Amino acid sequence: MPAGTLYRGREGMWSWVAHRVTGVLIFFFLFVHVLDTALVRVSPEAYDTVVATYKTPIVALLEYGLVAAILFHALNGLRVIAVDFWVKGARYQKQMLWTVVALWLVLMIGAIYPVLGHAARELFGS
Amino acid sequence: MSTTDTTASGIGPVEGDSLYSVDNPAPVIEPPRKRTKKTPKSTRGNFELAAWLFMRLSGVVLVVLVIGHLLIQLVLDGGVSKIGFAFVAGRWASPFWQVWDLAMLWLAMLHGGNGLRTVINDYAERPNTRLWLKGLLYTATVFTILLGTLVIFTFDPNIR
Ligand code: HEM
Ligand code: HEM
């Protein structure tokens, strides 16, 4: 293992890895998403059939994952911007990362019912 | 540059004086790539700086556009359950949401495409691999932007 640096293996590195992974995932989702939306130019039936898969419980779980990726990438992206443009940004990067993680957790808990509620009703009846 | 002697070895005789003195300063070394009258002021464009800035500016705008979009599609008014052709027809009847979706499409695709360009530059080391991956990336990005734009502008609620 190479010698440690201030950066390697610390919060800064892991938040960068997570930012990169979420960014790439969102890009691939967006590619598929524009294709599925394009079905409105084929026929209402074609669009509605494909959108029906978005409403199944398994895909609902994927949507929850997508929300997780977007929220982390967005909040951490704002942190990166603050580190670059705010004079005290670099000094507070660690505090800002924990703020990002805390906000992300709160929002993810808040998203459980709206995003997964319909799937739970379908699985367990209501 | 009269005293320039680029062929002399810099090491003087062991016991003697140095080749160089106040009157005979060290030789001038020509810069490997000399500027001529034809060289532009800056030999490298500012593309990377522009890309860096664009990532940050588009990022700020995307926070509003994408999180707003997710709220509308997944949270408000019944979440995903309400989505269907009729719902899209209702939304794209308004120029406001057309412009919203158009801006989101262009910004997110260019931001994500440029981000992926960085990722390819980081991991693909063979020139050929880079060329092919970037070719694929640019093709997919341009295709997606054009298709999405076309769909917004040609949407027809009475298609059937
Ligand atoms: C699972 C979550 C999502 C759902 C259910 C969803 C749903 C929809 C729907 C119904 C439309 C049709 C137009 C409208 O109503 O505005 C649409 C369009 C669009 N969405 Fe999403 N969306 C989701 C996530 C995203 C994300 C994360 C992004 C951006 C990264 C995004 C970007 C777009 C774009 C660019 C369009 C316009 C497509 C076009 O020009 O053809 N969506 N989305
Ligand atoms: C929601 C608002 C968003 C914000 C605030 C944001 C912010 C940022 C920032 C500041 C960077 C530059 C990071 C750096 O230079 O170190 C970045 C990189 C990136 N973003 Fe976003 N972004 C957002 C949405 C998106 C979307 C929708 C996509 C996908 C379509 C995306 C994909 C990427 C990718 C692939 C990278 C490159 C990652 C890397 O080089 O490690 N981002 N983002």
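Being a predicted model, the structure only gives us computed values, none of them experimental. Below, chains carry the letters A, B, ... as their sequence lines are ordered, and counting in each starts from 1. Basis for what follows: all heavy atoms, side chains included, without hydrogens, waters or symmetry-related copies.
Between atom CH2 of residue Trp100(B) and atom CD1 of residue Ile72(B) there is a gap of 5.5 Å, rounded to the nearest 0.5 Å. The line from CG of Leu107(A) to CG of Leu71(A) is 5.5 Å long, rounded to the nearest 0.5 Å. Rounding to the nearest 0.5 Å places CG of Leu147(B) at 9.0 Å from CZ of Phe31(A). Residue Glu11(A) holds its CD atom at 6.5 Å from CD of Gln93(A), rounded to the nearest 0.5 Å. Rounded to the nearest 0.5 Å, atoms CG (Leu30(A)) and CD1 (Ile70(A)) are 8.5 Å apart. Here CD of Gln95(A) is found 10.0 Å from CG of Leu97(A). Values are rounded to the nearest 0.5 Å.
Among Ile83(B), Ile145(B), Val66(B), Ile152(B), the residue making the largest number of heavy-atom pairs under 4.5 Å with chain A is Ile83(B). Contacts with chain A were tallied for Leu105(B), Val80(B), Ile67(B); Val80(B) has the most, counting heavy-atom pairs under 4.5 Å. Counting heavy-atom pairs closer than 4.5 Å to chain B, the top-ranked of the candidates Ala74(A), Pro44(A), Pro114(A) is Pro44(A). Between chain A and the residues Gly115(B), Ser81(B), Gly148(B), the largest count of heavy-atom pairs under 4.5 Å involves Ser81(B). Of the residues considered (Thr144(B), Val63(B), Asp156(B), Thr154(B)), Thr154(B) shows the highest number of contacts with chain A, using heavy-atom pairs under 4.5 Å. Counting heavy-atom pairs closer than 4.5 Å to chain A, the top-ranked of the candidates Met55(B), Met109(B), His111(B), Arg56(B) is Arg56(B). For the set His118(A), His33(A), Arg20(A), the count of heavy-atom pairs under 4.5 angstrom toward chain B peaks at Arg20(A). Of the residues considered (Val115(A), Thr37(A), Asp84(A), Leu39(A)), Asp84(A) shows the highest number of contacts with chain B, using heavy-atom pairs under 4.5 Å.
Neither the backbone nor the side chain of Leu57(B) comes within less than 4.5 Å of any heavy atom of chain A. Heavy atoms closer than 4.5 Å to chain B are found in the backbone of Val42(A), but not in its side chain. Both the backbone and the side chain of Arg41(A) come within contact range of chain B, with heavy atoms under 4.5 Å apart. Phe85(A) touches chain B through its side chain: at least one heavy atom from C-beta onward sits under 4.5 Å away, while N, CA, C and O do not. Contact of Val88(B) with chain A is made through the side chain alone, with heavy-atom distances under 4.5 Å. For Phe87(B), no part sits under 4.5 Å from any heavy atom of chain A, backbone or side chain. For chain A, no part of Leu71(B) is nearby; none of its heavy atoms comes within less than 4.5 Å. Neither the backbone nor the side chain of Ile26(A) comes within contact range of chain B; no heavy atoms are under 4.5 Å apart. With a threshold of 4.5 angstrom between heavy atoms, Leu74(B) approaches chain A through its backbone and through its side chain. Of the two parts of Leu70(B), only the side chain, counted from C-beta on, holds a non-hydrogen atom closer than 4.5 Å to a non-hydrogen atom of chain A. Using a 4.5 Å cut-off between heavy atoms, Val119(B) contacts chain A through both its backbone and its side chain. Residue contact with chain B, scored on non-hydrogen atoms closer than 4.5 Å, involves the backbone and the side chain of Val40(A) alike.
The environment of NZ in Lys82(B) is crowded: more than 12 heavy-atom neighbours from other residues, nucleotides or ligands sit within 6.0 Å. Within a 6.0 Å radius of CD1 in Ile58(A), no more than 12 heavy atoms belonging to other residues, nucleotides or ligands are found. For Trp52(B), the CH2 atom is densely surrounded, since the number of other residues' heavy atoms within 6.0 Å is greater than 12.
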When you look at Asp101(B) and Trp92(B), which way does the side-chain hydrogen bond (donor to acceptor under 3.5 Å, both in side chains) test go after all the steps? CA-CA 9 Å; Asp101(B) 282 353; Trp92(B) 279 346; 2.7 Å; yes
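With a 4.5 Å cut-off on side-chain heavy atoms, Asn114(B) and Leu110(B) do not count as touching.
No side-chain donor-acceptor contact under 3.5 Å links Asp36(A) and Tyr47(A).
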